[in-house]
Engineer: 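Have a look at the structure that comes next, please.
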Amino acid sequence: MSRPATVRPTPNAEETRGRILRAALGLFQQRGFAETTMREIAREAGVATGAAYYYFPSKEAIVMAFYWETQAETDAAVEKRLKGLRDLRSRVRALIELKLEQFRPYRDFLGALFRSAGDPSSPLSPFGEQTREIREQSIAHFRRAIEGSDVPVPADLAEPLPYLLWLYQMGIILFWIHDRSPRQSRTARLLEKSSDLIVKVIKLSRFRLLKPLRGAVVDLLESVR
């Protein structure tokens, strides 16, 4: 599933599309992704089932539209979040906190979705081919965070490090989805302590003595990509 078509919709079409998307997300949160049908989504949105299929040929297409909308919001907000920050830890945390803020209204939906999207073969998997473009854009944000920071990165880590930080973000998001502490305070503590540790390791990696270890890390990341 590629990026949605860029043909400019009419105001009525945009409103109908948005209503279907909101209805679907609400039902996914209440009933689960697999358990919800397109007929139920159409009924909740107040449109004919055929109209729902006209805007979204499948439930997966609805979720992809959600992915793209949140990604567009991230793209628009990244520069403002990073502005004035030079410390790498602050820049990495700013990106992840931005993503958590955007996902907060949909936390229950993401929890329900994970049961399906957690399968690497799912078209909705964040690691799959269908989501590659979104994933690459997210990785590019971490590349921007690194390049604008005060931490010089060894040349052999410059390419894989943004991907590694994106994987770190995915781990934080997964922890946050299942975090039942008040206001997900455990996630906040995990992000604070782990981001500090990761940046310290990045700084230490510049030492010549650790070059063999850097090479092993690069080889490992290339194998999983």
Engineer: Residues in salt bridge (Lys or Arg N to Asp or Glu O under 4.0 Å) with Lys203, at least two apart?
Structural biologist: none

Engineer: Which pair of heavy atoms, one from Gln169 and one from Leu95, lies closest together, and at what distance?
Structural biologist: OE1-O, 4.0 Å

Engineer: Which heavy atom in Arg91 sits nearest to a heavy atom in Ala145, and how many Å separate them?
Structural biologist: NE-O, 2.7 Å

Engineer: Thinking salt bridges, do Glu129 and Arg132 make one under a 4.0 Å N-O criterion?
Structural biologist: yes

Engineer: Taking a hydrophobic cluster as the set of Ile, Leu, Val, Met, Phe, Trp and Tyr residues connected by side-chain heavy atoms closer than 4.5 Å, whether directly or through intermediates, do Leu110 and Phe114 fall within one such cluster?
Structural biologist: no

Engineer: Any carboxylate oxygen within less than 4.0 angstrom of a Lys/Arg side-chain nitrogen, looking at Arg81 and Glu97?
Structural biologist: no

Engineer: Could you measure the distance from the CZ atom of Arg17 to the CZ atom of Phe56? Nearest 0.5 Å is fine.
Structural biologist: 4.0 Å

Engineer: Of all residues at least two apart in sequence or in a different chain, which pass the side-chain contact (heavy atoms from CB on, under 4.5 Å) check with Ala24?
Structural biologist: Phe28, Ile41, Ile62

Engineer: With a 6.0 Å cut-off (strictly less than), is the heavy-atom count around CZ of Phe103, excluding the residue itself, greater than 12?
Structural biologist: yes

Engineer: Got a sec, which residues hit side-chain contact (heavy atoms from CB on, under 4.5 Å) with Pro154, two or more places apart in sequence or on another chain?
Structural biologist: Asp156, Leu157, Ser205, Arg206, Arg214

Engineer: Which atom names give the shortest non-hydrogen contact between Trp68 and Gln137, and what distance separates them?
Structural biologist: CZ3-NE2, 3.8 Å

Engineer: When clusters are formed by joining ILVMFWY residues with side-chain heavy atoms under 4.5 Å apart, either directly or through shared neighbours, do Leu174 and Tyr168 land in the same one?
Structural biologist: no

Engineer: Do Leu164 and Val201 sit in one hydrophobic cluster, given that two such residues count as connected whenever their side-chain heavy atoms are within less than 4.5 Å of each other, even indirectly?
Structural biologist: no

Engineer: Looking at every non-hydrogen atom in both residues, tell me the closest pair between Thr131 and Met64 and how far apart they are.
Structural biologist: CG2-SD, 3.9 Å

Engineer: If you define the side chain from C-beta out and look only at heavy atoms, does anything of Leu98 sit under 4.5 Å from Gln102?
Structural biologist: yes

Engineer: Holding to side-chain contact (heavy atoms from CB on, under 4.5 Å), I want the full list of residues that pass it with Tyr54, two or more places apart in sequence or in another chain.
Structural biologist: none

Engineer: Any chance you could pull the hydrophobic cluster mates of Leu85, using side-chain heavy atoms under 4.5 angstrom and chaining through other members?
Structural biologist: none

Engineer: If the condition is side-chain contact (heavy atoms from CB on, under 4.5 Å), which residues does Ala45 pass it with, not counting sequence neighbours?
Structural biologist: Arg19, Ile20, Ala23, Val47

Engineer: Please round to the nearest 0.5 Å and tell me the distance separating atom CD of Glu35 and atom CD of Gln30.
Structural biologist: 12.5 Å

Engineer: One pair to check against side-chain contact (heavy atoms from CB on, under 4.5 Å): Ile172 and Ser194. What are the steps and the verdict?
Structural biologist: CA-CA 10 Å; Ile172 293 291; Ser194 60; 4.1 Å; yes

Engineer: So do the side chains of Ser138 and Gln71 get within less than 4.5 Å of each other, counting heavy atoms only?
Structural biologist: yes

Engineer: Does Lys200 reach the side chain of Arg89, with side-chain heavy atoms less than 4.5 Å apart?
Structural biologist: no

Engineer: Would you confirm whether the ring centroid of Phe109 sits within less than 6.0 angstrom of the ring centroid of Phe66?
Structural biologist: yes

Engineer: Between Leu165 and Ile146, is any pair of side-chain heavy atoms under 4.5 Å apart?
Structural biologist: yes

